[in-house]
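Sharing a structure below in structure tokens format, with a few things to ask.
Fair warning: this is a prediction, and the values are worked out from it, not measured in the lab. Just follow the structure's listing: the first ligand is 1, and inside any ligand the first atom is 1.
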Amino acid sequence: MLFLGIETSCDETAAAVVTADGVVRSSVIASSAELHTTTGGVVPEVAAREQVGAIAPVIRQALAEAGVAPEQLTAVAVTVGPGLIGSLLTGVAAANTFATFADLPLVGVSHIFGHLRSTYLERASEEFAYPVVTLTASGGHTELHLTRSATSAPELLGATRDDAAGEAFDKVARLLGLGYPGGPAVAALAAEATETVEPLPRAWLMPRDLTRNFDSVTLGAHLRSGRYSLESFDFSFSGLKSEVRRRATEHELTPDQRASLAAEFQMAVCDTLATKALLAAQLHGAREVHLTGGVSASAALRDTLARYLPASVSLRTPARAEYCTDNAAMIALAGAWLYVREPTRYTAIRQVDADLGKSLV
Ligand code: KG4
Ligand code: ZN
């Protein structure tokens, strides 16, 4: 079975052809990221206008590179949300039109569910050990999910209450006078740090002794005492960003201080993400932790998580860097997962169910 995936939720216009078990036959990504370097972030109207022009050539190229004709496809999968509405509409309109003319089922996919499937791309021959805890950290989202088995839908454990992790990187990069996207720029500056600075806040972080020497009896006692709640699987990065702003603007920073502030900021984000992923894994007896989304490209985050996880829990990241950031291969695979589970649901539907953008599967 072959699936065409279409992704236009942010500044990328992407199309891919993928088999149901994750073999990527083609993955084409056109990005307008360089248009956003001067603004320090994506301007929705600018992104959407680019996508209107890019969508048809990108789909055509994905089919050509895969050597696949429309009639060989099983279904079309498209991101229906969450994302920038003008951008999403372009992808959905294109997918709807394509599916109608090619007489193919159309599967609406949540962008987050796409990220959750990105670690399964190009891993057809590998065994996955469940339960799996997935940390998705991108420019728009920071979420923790639990997947109990290969056939079960992911359950949301926690999400950001304000800024996403990648968004925090982007905003701090702007504060420090760096370019967009912020993650790699902050990482490069952090690598030059020579001094340690006063620690930055790590919101709702579980106490380290509890996550390191985990035992469920102690955790249970803590939860019952009300000192910590499972709500703490939520994330907050806006206070951290405000503190960086205060330190960056109160005094003129020397180049050394600037680099050290970037390093401490990066460590605060990685510490928070990794500790919560570790605690979720411990609590649910996870055998694998998956790291997805644009921020999963961060070497600092990968290293931190690898250091925190016990040997019994393996860490998996997407097989290629291009599957960390937004791409259509993950959307095609997510659509395949949904379609295989319930093929009759999509055969008669020619329009995307708006609710699918909100729920995961
Ligand atoms: O998944 P993605 O491509 O788009 C969204 O769905 O938002 O993620 C983009 C985000 C940006 O905020 C960017 O700063 C961040 O991923 N990012 C990184 C790194 N590479 C990209 N953050 C930290 N370290 C990196 N190496
Ligand atoms: Zn994304």
- Message: Looking at Arg49, I want to see if its CZ is surrounded by more than 12 non-hydrogen atoms of other residues, nucleotides or ligands under 6.0 Å.
- Response: no

Atom 24 (N) of ligand 1 has as its nearest protein heavy atom Ser298 CB, 3.2 Å

Counting heavy atoms under 4.0 Å, the part of His141 that contacts ligand 1 is neither

shortest atom 22 (N) of ligand 1-to-protein heavy-atom contact is with Gly183 CA, 3.2 Å

His111 heavy atoms within 4.0 Å reach ligand 1 at atoms 6 (O)

Near His115 (heavy-atom distance under 4.0 Å), the atoms of ligand 1 are 1 (O), 6 (O)

Of Ile29, Thr325, Asp326, Asp11, the one whose closest heavy atom lies nearest atom 6 (O) of ligand 1 is Asp326

* Does even one non-hydrogen atom of Cys10 get within less than 4.0 Å of ligand 1? -> no

Under a side-chain separation threshold of 4.5 Å, the hydrophobic residues clustered together with Leu89 are Ile85

| task | Classify the side-chain pair Ser236/Asp162 by whether it contains a donor and acceptor separated by less than 3.5 Å. | result | yes

**Asked** Taking the six-membered ring for Trp, are Trp337 and Tyr120 ring centroids under 6.0 Å apart?
**Response** no

Item to complete: Consider ligand 1: state whether an atom of it lies below 4.0 angstrom from any non-hydrogen atom of Ala187.
Response: no

So if you build clusters from Ile, Leu, Val, Met, Phe, Trp, Tyr with side-chain heavy-atom gaps below 4.5 Å, do Leu73 and Val92 land together? yes

Any heavy atom of Glu12 under 4.0 Å from ligand 1? The part involved is neither

Compute the shortest N/O to N/O distance between Phe169 and ligand 1 and return yes if it is under 3.5 Å, no if not. no

Below 6.0 angstrom between ring centroids: does that apply to Phe113 and His145?
no

* Asked: Would you say the side-chain atoms of Thr136 and Thr292 include a donor-acceptor pair closer than 3.5 Å?
  -> yes

Atom 21 (C) of ligand 1 has as its nearest protein heavy atom Gly294 O, 3.4 Å

Polar contact flag for Gly140 and ligand 1 (N/O pairs, less than 3.5 Å) | yes

- Message: Taking CD in Glu250 as the centre, count heavy atoms belonging to other residues, nucleotides or ligands within less than 6.0 Å. Is the count above 12?
- Response: yes

Under 4.0 Å from one or more heavy atoms of Ala297, ligand 1 contributes atoms 26 (N)

With no hydrogens and no angle check, just 3.5 Å: does a side-chain donor-acceptor pair link Glu7 and Thr79? yes

The closest protein heavy-atom partner of atom 7 (O) of ligand 1 is Gly139 N, 2.8 Å

For Glu288 and Ser314, which I'm curious about, is there any donor-acceptor pair between the side chains at under 3.5 Å? no

Under 2.8 Å from the Zn ion (ligand 2), the protein N, O or S atoms found are His111 NE2, His115 NE2, Asp326 OD1

Residues passing the side-chain hydrogen bond (donor to acceptor under 3.5 Å, both in side chains) test with Thr249, sequence neighbours excluded, are none

Nearest non-hydrogen protein atom to atom 14 (O) of ligand 1, with distance, is Asp170 OD1, 2.7 Å

Any chance the side chains of Ser152 and Ser149 put a donor and an acceptor closer than 3.5 Å? yes

Joining Ile, Leu, Val, Met, Phe, Trp and Tyr whenever any side-chain heavy atoms lie under 4.5 Å apart, the cluster holding Val28 also takes in Val58

